[in-house]
Amino acid sequence: MSGLRPHDVPEEVDPSDWTLRVTGAVSEPLHIEREESSEFPLETVTDEFECVEGWVAEDLSWRGIRVGSVLDRADPDGDADHVLVRAMDDGYACSFPRSRAADALLAVELDGRSLSVVHGGPARLVPTAAGSDCWESVKWVRSLDVRDSEPIADDTAEGIALGDAE
Ligand SMILES: Nc1nc2c(c(=O)[nH]1)N[C@H]1C(S)=C(S)[C@@H](COP(=O)(O)O)O[C@H]1N2
Ligand SMILES: [Mo]
């Protein structure tokens, strides 16, 4: 047991056709198939996870790809300072300054096992900065959209997280 809470998996989440796209202000838009994702080195991050609702899951060991290594391959425009991380559940997206996104992990394993769909598999964003908000841990990541201005209107994660039962 990981200590994370099980939440319902929305209907739109279909892990069987998972691919990762890198779009927006980049010179090489990427479309990475699941098999190709193994070309990136895996790193481990151990952390606790705290939801604003008041529960904590301690000592989670995430393993995944550093987002910066994926972004680098897409060659983002020099002045593109923001990344909108989009999920497979309709409309859920969270924006990050590019440097914070680059430091985050795109986790594919939790505590030594493939990340379950319930907890965001195939791939979940795990921000590494202290004090990250629970809604920034984006489950079911499907794309990294690089932007040259802050995508305020598209950043729905906080509103969805605070507005529903999560
Ligand atoms: N795609 C997506 N990611 C999400 C959410 C969501 O609704 N959709 N909820 C967030 C919130 S508020 C929390 S607390 C955690 C819950 O993670 P868990 O279901 O693995 O416990 O997922 C975060 N990531
Ligand atoms: Mo949360």
Side-chain angles (χ1 to χ4, degrees), residues 1-24 30-32 34 37 42-68 70-71 82-98 100-147 150-166:
M1 290 299 291
S2 66
L4 289 166
R5 300 292 159 95
H7 293 97
D8 289 342
V9 177
E11 232 170 55
E12 320 82 79
V13 172
D14 181 2
S16 67
D17 68 17
W18 184 78
T19 60
L20 179 70
R21 289 173 196 270
V22 185
T23 58
L30 302 179
H31 186 180
I32 300 170
R34 187 186 283 224
S37 65
L42 292 176
E43 296 182 42
T44 303
V45 166
T46 301
D47 204 357
E48 63 171 30
F49 179 84
E50 184 171 1
C51 172
V52 69
E53 304 254 298
W55 52 271
V56 183
E58 284 172 343
D59 209 22
L60 302 176
S61 177
W62 302 101
R63 203 159 156 73
I65 302 166
R66 198 64 70 169
V67 171
V70 179
L71 292 176
H82 297 271
V83 178
L84 184 72
V85 178
R86 293 180 187 276
M88 293 169 94
D89 43 343
D90 287 340
Y92 194 98
C94 190
S95 132
F96 296 85
R98 182 166 139 199
R100 272 196 70 210
D103 284 345
L105 209 65
L106 193 64
V108 294
E109 292 178 23
L110 173 60
D111 294 337
R113 300 201 183 153
S114 289
L115 181 59
S116 65
V117 177
V118 167
H119 293 305
R124 173 172 178 154
L125 193 83
V126 176
T128 53
S132 295
D133 293 309
C134 60
W135 55 83
E136 296 179 321
S137 187
V138 180
K139 297 183 277 191
W140 316 298
V141 172
R142 66 176 168 93
S143 71
L144 307 172
D145 191 9
V146 180
R147 301 289 189 95
E150 194 177 350
I152 297 168
D154 293 329
D155 186 349
T156 59
E158 179 177 0
I160 292 174
L162 299 183
D164 71 21
E166 290 257 14

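Small disclaimer: the values here were computed from a predicted structure and weren't measured. Just follow the structure's listing: the first ligand is 1, and inside any ligand the first atom is 1.
Interface of L4 with ligand 1, defined as ligand atoms under 4.0 Å from a residue heavy atom, comprises 20 (O), 21 (O). Within ligand 1, counting atoms from 1 as listed, the ones closer than 4.0 Å to a heavy atom of A87 are 1 (N). The A161 neighbourhood of ligand 1 comprises atoms 12 (S), with distances under 4.0 Å to a heavy atom of that residue. Listed by atom number, the atoms of ligand 1 under 4.0 Å from C51 heavy atoms are 14 (S).
Taking only nitrogen or oxygen atoms, main chain and side chain alike, K139 reaches within less than 3.5 Å of ligand 1. In terms of N/O distances under 3.5 Å, ligand 1 is approached by R5. Checking only distances, W135 never comes within under 3.5 Å of ligand 1, N or O to N or O.
Across W55, F49, W140, Y92, heavy-atom proximity to atom 4 (C) of ligand 1 is greatest for Y92. Which of E158, E136, R124, H119 comes nearest to atom 17 (O) of ligand 1 through a heavy atom is settled by distance: it is R124.
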Between F49 and W55, is the side-chain contact (heavy atoms from CB on, under 4.5 Å) condition met? List the steps.
CA-CA 8 Å; F49 179 84; W55 52 271; 3.7 Å; yes
Mind running side-chain contact (heavy atoms from CB on, under 4.5 Å) on E12 and M88 for me, showing each step along the way?
CA-CA 7 Å; E12 320 82 79; M88 293 169 94; 5.9 Å; no
If you apply the rule side-chain contact (heavy atoms from CB on, under 4.5 Å), what do you find for R124 with L4, and how did you get there?
CA-CA 13 Å; R124 173 172 178 154; L4 289 166; 4.0 Å; yes
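When heavy-atom distances to ligand 1 are checked against a 4.0 Å cut-off, S137 comes that close only through its backbone atoms N, CA, C and O.
Stacking of R86 on the aromatic ring of F96 is not recorded, the 6.0 Å distance cut-off and the 45° axial limit not both being met.
Note on ligand 1: G120 sits outside its first shell, no heavy atom being nearer than 4.0 Å. Residue M88 places every heavy atom at 4.0 Å or more from ligand 1. Look at I160 and you'll find every heavy atom at least 4.0 Å from all atoms of ligand 1.
No salt bridge links D111 with R113; every basic N to acidic carboxylate O contact stays at or beyond 4.0 Å. Between E53 and R5 no salt bridge is recorded (no basic side-chain N to carboxylate O distance below 4.0 Å). Ion pairing of K139 with D89 is absent here, as no side-chain N (NZ or NE/NH1/NH2) approaches a carboxylate O to less than 4.0 Å.
When all heavy atoms of R34 and P15 are compared, the pair lying nearest together is NH2-O, 2.8 Å. Taking every heavy atom of both residues into account, C94 and D155 meet most closely at CA-OD1, 3.6 Å.
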